[in-house]
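Quick note on labels: first sequence line is chain A, next is B, and so on, each numbered from 1.
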Number of protein chains: 2
Amino acid sequence: MTTTGGKAARTRARLTDAAFELFAEQGYDATTVAQIAERVGVTEMTFYRHFGSKDAVVVGDPYDPLIAAAVAAQPTDLPPLVRAARGVRSAWEGQPLDDDEALRARVSLGAATPSLRPAIRAGTAATEAAIAEALAAGGTDPLDAAVCAAALLGALTTALLGWPARPGTTLGATILRALDLLEHRP
Amino acid sequence: MTTTGGKAARTRARLTDAAFELFAEQGYDATTVAQIAERVGVTEMTFYRHFGSKDAVVVGDPYDPLIAAAVAAQPTDLPPLVRAARGVRSAWEGQPLDDDEALRARVSLGAATPSLRPAIRAGTAATEAAIAEALAAGGTDPLDAAVCAAALLGALTTALLGWPARPGTTLGATILRALDLLEHRP
DNA sequence: TAGAAAATGTGACTCACTAACATTCCGGCG
DNA sequence: CGCCGGAATGTTAGTGAGTCACATTTTCTA
């Protein structure tokens with residue numbers, strides 16, 4: 001039993017691998033769920049039980065909910081957008097995402113596939129809501145809070161998707177740069 | 001021939017009306033394109049020829065491309081996010097959108113229907129790209145420009161969708177408020 | 001009023017996604 | 001060893017959005 005996890009985890013991993021192979025061979029849109037399932041020797045139904053949607057293979061994990069805590073910890077007398085940006089900055093510095101090749105590949109695919117963007121945005125919705133709530137808890141008007149959170153997530157997502165196109169640049173630098181822009185540092 | 005436009009325009013208008021009736025009766029998701037077409041006495045095919053997708057009935061018109069010009073007209077020594085925000089502000093002041101009941105109804109539906117959000121975002125993509133390009137033409141790094149444009153559009157879209165929930169508030173005030181937030185005016 | 005052009009219809013298809021129900025795999029326990 | 005229960009997977013049959021090639025009607029113009 002050297003392999004990690006039970007049978008389900010293994011099937012899930014095989015589906016992920018097959019999916020990325022096919023995406024690389026034919027592109028995301030041209031690949032059908034049936035093809036992915038077939039390559040693994042499994043039914044479409046099994047795919048949907050593991051992922052729920054075709055998007056989910058690529059988008060996968062939701063963003064950090066602990067970002068919200070970092071936002072809430074920022075001084076409430078700052079303008080809300082600055083408060084949010086500083087919160088994310090401190091959260092990142094506390095626990096950065098290591099940018100391995102796998103992540104770069106996934107982000108690259110996401111950036112190169114327009115039909116995937118809705119799913120990407122949807123994946124950030126939870127974080128956006130959490131940040132908005134954290135801002136509102138500090139006395140910011142709820143709509144103002146939502147607007148700032150949306151601006152922040154828009155900036156972060158665009159930075160993330162633009163990162164793979166800049167070889168040699170670290171993800172951290174790209175993210176922090178986006179935060180600088182929100183704080184008007186030119 | 002007192003009616004405006006040719007037959008196509010009339011069919012399109014009838015499809016829009018029928019669609020919004022059905023959306024009001026049963027909700028957007030529960031309404032099928034076949035139902036819309038049937039109510040007008042027309043085929044699904046005709047619907048798709050007029051709209052291209054179910055989303056398009058609600059999302060409809062693309063945003064102002066002249067916003068980009070206003071952004072480009074702002075002084076280049078401002079931080080890019082400020083430059084973008086001031087550009088939109090000046091564009092709005094030059095030619096505001098009149099907020100009639102029809103617009104409010106459409107925005108309301110969009111705000112209340114999560115499955116519509118992807119289409120809404122997609123509808124702003126052209127404006128976002130135009131603003132990014134205007135910023136980049138002023139010497140801003142292309143990725144920085146894209147990040148700022150995304151933040152701006154994120155803020156504006158959220159403000160727009162949040163507007164109908166505030167009876168008595170004008171759309172203009174809501175938009176200008178969002179721009180204030182991007183410029184750190186609390 | 002004929003004839004081109006615009007508008008619409010037909011039928012068949014692909015693909016994502018869902019649901020109810022049946023079946024097989026696998027580890028633990030007597 | 002052999003049985004048993006739950007997890008994992010299969011089967012079948014759908015719905016609904018969107019596309020395509022081709023036929024037909026309607027509308028406008030010369």
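- Dense packing is recorded around CD of A:Glu183, with more than 12 heavy atoms of other residues, nucleotides or ligands lying under 6.0 Å away.
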*asked:* Set out, in order, the CA-CA distance, both residues' side-chain angles and the distance that settles salt bridge (Lys or Arg N to Asp or Glu O under 4.0 Å) for B:Lys54 and B:Asp29, then state yes or no.
replied: CA-CA 10 Å; B:Lys54 187 183 170 186; B:Asp29 292 307; 5.3 Å; no

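- Contact annotation: A:His50 side-chain N/O to D:dA8 OP1/OP2 distance is not under 4.0 Å.
- To the nearest angstrom, P of C:dC15 lies 17 Å from CG of A:Asp55.
- A salt bridge does not link A:Arg106 with A:Asp100: none of the charged nitrogens is closer than 4.0 Å to a carboxylate oxygen.
- Regarding contacts with the backbone of C:dA7, every side-chain N or O of B:Thr46 stays at 4.0 angstrom or more from both OP1 and OP2.
- Following rounding to the nearest Å, B:Arg49 (CZ) and D:dG18 (C1') show an atom-to-atom distance of 13 Å.
- Counting to the nearest Å, the C1' atom of C:dC26 and the CZ atom of A:Arg10 are 11 Å from each other.
- The separation between B:Phe51 atom CZ and D:dT19 atom C1' is 18 Å, rounded to whole Å.
- The distance between atom CE of A:Met45 and atom P of C:dA20, rounded to the nearest whole Å, is 11 Å.
- B:Thr43 comes within contact range of at least one nucleobase, with a heavy-atom separation under 4.0 Å.
- A:Lys7 has its NZ atom 18 Å from the P atom of D:dG6, to the nearest Å.
- Atom P of nucleotide C:dG9 and atom CZ of B:Phe47 are separated by 14 Å, given to the nearest angstrom.
- In this view, A:Arg177 and B:Asp144 satisfy the salt bridge (charged side-chain N to carboxylate O under 4.0 Å, His left out) rule, not counting sequence neighbours.
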Would you tabulate the pairs of protein nitrogen or oxygen atoms and nucleotide nitrogen or oxygen atoms of nucleotides 14-17 of chain D closer than 3.5 angstrom?
{"from": "D:dA17", "atom 1": "OP1", "to": "B:Lys54", "atom 2": "NZ", "distance (Å)": "3.4"}
{"from": "D:dA17", "atom 1": "OP2", "to": "B:Val33", "atom 2": "N", "distance (Å)": "3.4"}

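- Linking Ile, Leu, Val, Met, Phe, Trp and Tyr whenever their side-chain heavy atoms come within less than 4.5 Å puts B:Ile120 and B:Ile175 in one cluster.
- Looking only at distances, a side-chain donor or acceptor of B:Arg117 sits under 3.5 Å from a matching main-chain atom of B:Ala111.
- Two different hydrophobic clusters hold A:Trp92 and B:Leu143 under the rule that ILVMFWY side chains link at heavy-atom gaps under 4.5 Å.
- To the nearest angstrom, P of C:dA16 lies 12 Å from CG of A:Leu22.
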